[in-house]
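First the structure, in the form of structure tokens, and then the observations on it.
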Amino acid sequence: MKPIWNDTQEYDLKSGKYVKIWQGPQHPGVTGNMSLELLLEGDEIKWLKTHVGYLHRGFEKLMERRKFINCFPIVCRICVPEPDTNEYLFAAATEELSGIEIPERAKWIRALNLEMARLAATIMGLGGQAASFGLGTIGQWAVAHRDFLLDSFEELTGGRIYHMYMIPGGVRYDIPEGFAGRLEKTLVKIEKLISDIDKVMFNNAVFKSRAKGLGIIPKDWIEPFGITGTTARGSGVNYDVRKDHPYLVYDRLDFEVNVGTDGDVYERSLIRKEESLLSIRLIRQILSKMPKTGPVRTFIPDILHWKIPAGETYLKAESGRGEYGYYMVTDGSEYPRRVHVKGASYTHAMALLEKLGEGVTNADIFGLMVSLQTCPPEIER
Amino acid sequence: MSLKDIISPFNAWKRAFEKPDTIVKPLSERDGADLYRGFHTNDIEKCIGCGSCEEICQNASIDLVDVASIQAKSGDSGLRPLIDYGRCCWCALCVDICPTGSLKMSNDYTWVTDDSDAFRFIPGVDKKKWDNSEKGYKSFKEAWLVNPNREHASEKAPDIRKHDFDEYAEGFSDEQALVEAGRCLECGICIQACPTHMDIPKYISAIRKGNLEEGLRIMYETNPMLEACGRICTAKCEDVCAVGHNGKPIAIRSLKRYIGDKTFRKKDEIMDLKPVQQTGKKVGIIGGGPAGLTAAFYLRRLGHAVTIYEQHDKLGGMLKWGIPDYRLPADVLQREIDFIIRQGIDVKYNVKIGKDISFDQLHKDNDAVFIGVGAQIGSDMPIRGMDTEGVYSGVEFLEKVSKGEKPFVGKYAVVVGGGNTSIDAARSSIRLGANAKILYRRTEQEMPANREEIREAKEEGADLMILSTPTKIEKLPSGGLKIECLKMELGEPDSSGRRRPVPKEGSEFYIEADVCIMAVGQKVEPEFSESIGLKVTKWGTFEVHSDTLRSNDKVFAGGDCQTGPDDAIRAVAAGKTAAYFIDKQFKG
Ligand code: SF4
Ligand code: SF4
């Protein structure tokens, strides 16, 4: 097999034909603190290199020096738009390794929390996608609607961005009285938003002309690049951890995964739009199917000296951007021996972008980057 | 692409005609949610400065600091958490672990100031606008990170245990001890409350680590009577335990017993006490009770020659003669004493100072003298008929029981008093086959006896008659006793803070019984204190310097004979203190 990625191309910068520019790490179009080193000929990108390292906070290493309970408040910080997947996987890994079974109701509440987070991240992603092609209004709508969801998070968890709600053992406390009703109002608003987005974004000559045919990922790239999530599903690969390796209560929920064919920016956006509607349906299902009462947390004795028997595990979950994984090794002490976090966009955001970026115009590169759901904080743990 | 794609985007304009969701003044019009994790508040009256918040904070945002306006007291370190908002990540783990529930978070999330140091402050002490906020994150019972439930060692059922003097409470199993040790927050609030300041968190931590040998060594640093204390200590530590504010306190005493029970067989090997350099100084100790034994142990370990003068044929003092076997089995006490004596302590049994050897002689022969004779004489009540046959003093009665003499109790025994001696006397009479009634002049709440013991006595069938006091005892022709009594009422609080009982007019009644055991207090044997010519207080106890326990030149006194009747652990503490200051005196 030929190498998919080839870095040997040399351009003569002195020829005056090319110009090299850096975009990021501080640039409104970049999805976080990373930067793109671009070599342009006119408006066309001839060569592109991604640079990460601006956001390294060393969480994985920090965890090795933190007791298990003290890791709980830091893992969420690994991903800003959708921190909850981290909370869930960290908690689930500790539970698995220490043999703790969480209460039934806690599983449902966790799934609710995860779908709310996915919904918030997905609509913000749609807004970002639109904005990257100059459709700023949709970006503003999306952010406002995400804020309504953050209000719900604030009510449920006490925090807007970092929720710190899925504590090892379950969730911290039960859902507040009347929460479902208030959340439903927000869901209705978001449904209306999606229908507006449908009209203004997906049936829009500008968006179509720029997004269609841009950044096409052939189906046979999916595996070698390790692409997952909506990005893979946009290219016709039917893989979703919720369906293929169900966790929490996903095997008891009734849903179909959205799969596309074209593999371009337009198709990926469309899948994400469908994905947000799916999250809304799932939230409703969860709220109606979950047990109405019951404990929400399994007590962990001696939390300040919680020791987990030696072992290792890899747990995965479907985040809005794809498969998210936690590999945890414990050695019987009060500290994790090693925690490795597989961010979902890690595989998409660097090598793949470098490959897809060639031949794209400078104006379109951000639209392409957003469509790969690049999330620098999760790339750099 | 179609015409529709050109027209459709104009749909965006529809939103221009809708009511906006934006609010005009977000800072004033939008409150944080009910459970919002905003700036902390701390009820400083409730906070005990335990530092658990500091311990769990993964950002090291919390520092426990001295607060001028707060005095440290038993169960309160006097420190309060200072929070650095440059570090805080608003996780509220501190709130979830706070055992008193004093630490909360308000729903306030905006505060603008250009003084960056202002973001380090002591919630509750440095006043802030959100201090009285009703909303914000509070710890829920379900979110508390500490196990509120205490492990209970199994014990024999009252119906079974009340027939013999065998120990009825079993120690913790290994599993129980681990669970119980796991509840400890290691805050150390208890250390100060323990009269001898045992390093409780450290030995509990040794249990947690499965290193009981280490636990034993830690305990011997402050208390050589740990096995006895593990059974009968009044556990003042448990009264102040931080976890007790929101759940049941850690069973500290049982954990102590656990270490003792698991290690006594190999104590010599574990302690591995090497002979120390001899100083050539001699200390005479009068009384082989907990105070004397403790002083002897530590003095010996400091290299001094120690002789204990004991008036009985066995050591142990009140632990031996005042506490029945079912609470503290004789063999447990004996093996613990043996270990102390094995350190090279000389004991003269059946020697009464003032009679067999003069105090002056002792004073002359030794470089220092420690008096730990206890308060062994039962106090009388100023009522008629105290000398009637069948009226015993509590101590006298318990001593007979301890000697295995089976004193006569008949079918009905009345015990007067509300302290531990009274409860012990009642429970012993039950074991000797009588029905016991405890007369106490105040209410159950004011009884100085341990709550647990009162409960157990009741379980065994002791009948508690509160607000009653005897006024006269006489012999009935049938041979029994007629105890005339009066009902009492609670009046104003007295100097001890307990409400004073006052007799109720016309409430006379009487009880018939076979024996009446008076457990209304104890005092130092007056002949003894007079014979040695030391200063005594008006209660007949020895007057010594309150810190050093020194009376004059080289005489020290401690334990019950100095404090008046009290518990064993205070006597141990006195022994330890005296050892320290005697040694200090030697070193000059
Ligand atoms: S945990 Fe609670 S009681 Fe202890 S110091 Fe902190 S605020 Fe005070
Ligand atoms: S909220 Fe969390 S980070 Fe802040 S002081 Fe409390 S424990 Fe520390």
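Here the structure is a predicted model, which is why all the values come from computation and not from measurement. So you know, we letter chains A, B, ... as the sequences are listed, proteins then strands, and number each from 1.
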Next item on the list: Please assess A:Leu304 against B:Ile56 for the test side-chain contact (heavy atoms from CB on, under 4.5 Å), listing each intermediate value before the final yes or no.
Entry: CA-CA 7 Å; A:Leu304 285 173; B:Ile56 202 166; 3.8 Å; yes

Notebook entry, point to check: What distance do A:Ile74 atom CD1 and B:Cys89 atom SG have between them, rounded to the nearest 0.5 Å?
Noted result: 9.0 Å

Next item on the list: Measure the shortest side-chain to side-chain distance between B:Arg30 and A:Asp151 over non-hydrogen atoms and say whether it is less than 4.5 angstrom.
Entry: yes

Checklist line | Distance, nearest 0.5 Å, that separates CG of B:Asp96 from CZ of A:Phe72 | finding: 8.0 Å

Next item on the list: State, with a plain yes or no, whether a side-chain heavy atom of A:Val200 is found less than 4.5 Å away from one of B:Phe10.
Entry: no

Note to self: Out of B:Asp21, B:Asp34, B:Thr22, B:Ile97, return the one with the most heavy atom pairs under 4.5 angstrom to chain A.
What the structure shows: B:Asp21

Next item on the list: With rounding to the nearest 0.5 Å, note down the distance linking CG in A:Asp196 to NZ in B:Lys14.
Entry: 6.5 Å

Next item on the list: Using non-hydrogen atoms and a 4.5 Å limit, figure out which bit of A:Trp306 sits close to chain B: side chain, backbone, both or neither.
Entry: neither

Next item on the list: Go through the atoms of A:Leu135 and report whether side chain, backbone, both or neither lie under 4.5 Å from a heavy atom of chain B.
Entry: neither

Item checked: Side chain proximity check, B:Tyr137 to A:Arg172, heavy atoms < 4.5 angstrom -> yes

Next item on the list: Quick one: list whatever passes side chain to side chain donor-acceptor pair (under 3.5 Å) with A:Glu87, sequence neighbours left out.
Entry: none

Note to self: Quick check on A:Phe207 against chain B: is it the side chain, the backbone, both or neither that has a heavy atom closer than 4.5 Å?
What the structure shows: neither

Item checked: Non-hydrogen side-chain atoms of B:Leu93 and A:Pro73 separated by less than 4.5 Å -> yes

Next item on the list: Quick one: pull up CG in A:Leu156 and CG in B:Leu35 and give me the separation to the nearest 0.5 Å.
Entry: 9.0 Å

Notebook entry, point to check: Heavy atoms, side chains only, cut-off 4.5 Å: are A:Asp302 and B:Arg208 in contact?
Noted result: yes

Next item on the list: Check the surroundings of atom NZ in B:Lys248: do more than 12 heavy atoms from other residues, nucleotides or ligands lie under 6.0 Å from it?
Entry: no

Notebook entry, point to check: Taking everything shown except A:Lys292 itself, do over 12 heavy atoms lie less than 6.0 Å from its NZ?
Noted result: yes

Next item on the list: Answer yes or no: does atom CZ of B:Arg217 have more than 12 heavy-atom neighbours from other residues, nucleotides or ligands under 6.0 Å?
Entry: yes

Item checked: Region of B:Val146 in contact with chain A, defined by heavy-atom distances below 4.5 Å -> backbone

Next item on the list: Name the region of A:Asp147, side chain, backbone, both or neither, that has any atom closer than 4.5 Å to a heavy atom of chain B.
Entry: neither

Margin query: Could you go through B:Ser205 and A:His305, starting from their C-alpha distance and side-chain angles, then the distance that decides it, and tell me whether this counts as side-chain contact (heavy atoms from CB on, under 4.5 Å)?
Written below: CA-CA 10 Å; B:Ser205 160; A:His305 304 88; over 6 Å; no

Checklist line | Portion of A:Val296 that has a non-hydrogen atom of chain B nearer than 4.5 angstrom | finding: side chain

Check: Looking at B:Glu55, B:Arg15, B:Arg183, B:Glu142, which one has more heavy-atom pairs under 4.5 Å with chain A than the rest?
Finding: B:Arg15

Next item on the list: Count the heavy atoms belonging to other residues, nucleotides or ligands that lie under 6.0 Å from CD of A:Glu177, then report whether that count exceeds 12.
Entry: no

Notebook entry, point to check: Among A:Glu155, A:Met201, A:Arg77, who wins on heavy-atom pairs under 4.5 Å with chain B?
Noted result: A:Arg77

Checklist line | Expected output: side-chain B:Arg37 to main-chain A:His163 donor-acceptor under 3.5 Å | finding: yes

Note to self: Under the criterion side-chain contact (heavy atoms from CB on, under 4.5 Å), I'd like the reasoning laid out for B:Asn11 against A:Asn203: C-alpha separation, chi angles, the key distance, then a yes or no.
What the structure shows: CA-CA 10 Å; B:Asn11 268 302; A:Asn203 287 299; over 6 Å; no

Check: By a 4.5 Å heavy-atom criterion (distance strictly below it), what part of A:Lys67 contacts chain B: side chain, backbone, both, or neither?
Finding: side chain

Next item on the list: Give a yes or no on this: more than 12 heavy atoms of other residues, nucleotides or ligands lie within 6.0 Å of atom NZ of A:Lys185.
Entry: no

Checklist line | Exercise: identify the closest heavy-atom pair between B:Tyr36 and A:Glu154 | finding: CD1-OE2, 3.3 Å

Item checked: Region of A:Phe299 in contact with chain B, defined by heavy-atom distances below 4.5 Å -> side chain

Margin query: Can a donor-acceptor pair be found, under 3.5 Å and without considering hydrogens, that links the side chain of B:Ser8 to the backbone of A:Asn204?
Written below: no

